2 protein chains.
Amino acid sequence: MVVPERKDSTSARLTRDHWIQAALAAIAEGGLTAVAVEPLATRLGTTKGSFYWHFVNREALLQAALGQWEEQTTTVVIGEINNAPDDPPARLRMLVTRVIALAEQDAVGPALMANAKHPSVQPVLSRVTRARIGLTVDVLRSMGFDPHQAKLRAMLAYSAYLGHAQLAHSTPELTFQTKQQRREYLEHVLRTLGAPSAP
Amino acid sequence: MVVPERKDSTSARLTRDHWIQAALAAIAEGGLTAVAVEPLATRLGTTKGSFYWHFVNREALLQAALGQWEEQTTTVVIGEINNAPDDPPARLRMLVTRVIALAEQDAVGPALMANAKHPSVQPVLSRVTRARIGLTVDVLRSMGFDPHQAKLRAMLAYSAYLGHAQLAHSTPELTFQTKQQRREYLEHVLRTLGAPSAP
DNA sequence: CCCGTTCCATACGCAACCGTATGGTTGGCC
DNA sequence: GGCCAACCATACGGTTGCGTATGGAACGGG
């Protein structure tokens, strides 16, 4: 009989946040439906009794987890870019680099996209998407592209980001593997997005 | 009490294919978990008794539906492109146009991406992805790009396709709405993908 | 028109999960 | 060290879905 280990053996009792973290991990692995009270309880080495003290129901946990994700995922990248030096090409490079890394780490985003119609997910996703596209437009405008061009390029860029995230998580074996390949791909993307407009 | 209508009131009895179609519709709307025997039965105006005559279990239906999707989704586009006239730029235009349309229609693809790890889904997705990237590489090579360039561009193009599909289904309100905007975006994508390499 | 094959309805047992109720621990504070 | 509040375990009932069993309806060829 293996007793499922508690995450941090130093703290016997759980906090609300432990559940949120577990929920996000579950979403990353198994999608929204994986946010299930009893399985999570087992994973945390506790029981439903704990859960229903911290949250009124499953939906409340979901909302809390989504809020957490929105917070992290927007503030992190956006803050980082806005605090960057005022060198436009460097900002684009930073954005692309940072965002490719994020795409490959964060498995929650893709999982949420799949359940975009869920009433709790929809608004979160809408806000995050809007913010990210807006950020991209800003960076491109700061590089001298007019608003129209910036919007076109931003949409393409953001689509490419989403697709890259999907690929990285669904069929990683079909993405570039070696460091060299990945570097070249990064440069290609940067060249493509930053290329001067054709007449 | 509303009696759920049967899809085609002319045929009292259902075929295996009715169930497959219903399963695909369910995937499009609610993801893999929406392929549930009893709900589908209700939707079709029948009962489990019918289902378990046509299929041994839920998994069998899933496999059949995935097979159907793979068949359609690959043969349609790939056949269309290969039978196209031998004018390379026209082929790229056709590919992009066709593929943007597909991205907006087919909701099954995005749903599957979210469950890429599922043992029945993984191989299907892997084959479809490989085929599509391969097709894109071919088209680009026929336009004169060397293999390396073609691969880089194909990966970016396919990522953009996947992302576009995601956006169209998850937050359609953030995509281009008017015909004019959509036309311009299409032209932008074509220009970007087909632009000659920078020195 | 009849009879076997094909197809479907119903009833059942089983498992996973939600949410409630209730009583028991544990911890900080005086 | 006692006591209140915070926290957790267990037991229960309800719902949903899977899969099986079994009898009955519908259909078509002889």
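First the proteins, then the strands, lettered A, B, ... as listed; each starts at 1. All figures in this text were calculated on a predicted structure; none of them were measured in a lab.
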Short side-chain N/O contact from A:His54 to OP1 or OP2 of D:dA6, under 4.0 Å: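 The answer is no; no side-chain N or O of A:His54 sits under 4.0 Å from OP1 or OP2.
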
A:Thr46 vs D:dA9: side-chain N/O to OP1/OP2 distance below 4.0 Å: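 Answer is yes, contact under 4.0 Å.
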
Just how far, in rounded Å, is [atom2] of [N] from [atom1] of [X]?
{"X": "B:Phe51", "N": "D:dG17", "atom1": "CZ", "atom2": "P", "value": "14 Å"}
{"X": "A:Leu62", "N": "C:dC18", "atom1": "CG", "atom2": "C1'", "value": "14 Å"}
{"X": "A:His18", "N": "D:dC7", "atom1": "NE2", "atom2": "P", "value": "12 Å"}
{"X": "B:Tyr52", "N": "C:dC7", "atom1": "OH", "atom2": "C1'", "value": "17 Å"}
{"X": "A:Glu59", "N": "C:dC18", "atom1": "CD", "atom2": "P", "value": "12 Å"}
{"X": "A:Arg13", "N": "D:dA5", "atom1": "CZ", "atom2": "P", "value": "14 Å"}
{"X": "A:Asn57", "N": "C:dC17", "atom1": "CG", "atom2": "P", "value": "17 Å"}
{"X": "A:Trp53", "N": "D:dA6", "atom1": "CH2", "atom2": "P", "value": "6 Å"}

Could you tell me whether [X] atom [atom1] has more than 12 heavy atoms of other residues or ligands within 6.0 Å of it?
{"X": "B:Arg183", "atom1": "CZ", "value": "no"}
{"X": "B:Arg130", "atom1": "CZ", "value": "no"}
{"X": "A:Asp146", "atom1": "CG", "value": "yes"}

Given C:dG27, C:dC18, C:dC8, the nucleotide with the shortest approach to the side chain of A:Val37: C:dC18

Nucleotide of D:dC18, D:dC8, C:dC18 approaching B:Glu38 most closely (side-chain heavy atoms):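 Of the options given, the side chain of B:Glu38 lies nearest D:dC18.
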
Given DNA chain D, 5'-ward residue of the pair A:Ser50 and B:Val56, judged by closest heavy atom: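 Taking each residue's closest nucleotide, the earlier one in sequence belongs to A:Ser50.
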
Check ion pair B:Glu38-B:Arg58 (N to O, under 4.0 angstrom): no

A:Glu104/A:Arg182 ion pair, N-O < 4.0 Å: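 Looking at A:Arg182 together with A:Glu104, the answer is yes, because their closest N to O distance falls below 4.0 Å.
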
Residue whose nearest DNA chain C nucleotide is more 5′ - B:Thr47 or A:Arg58: B:Thr47

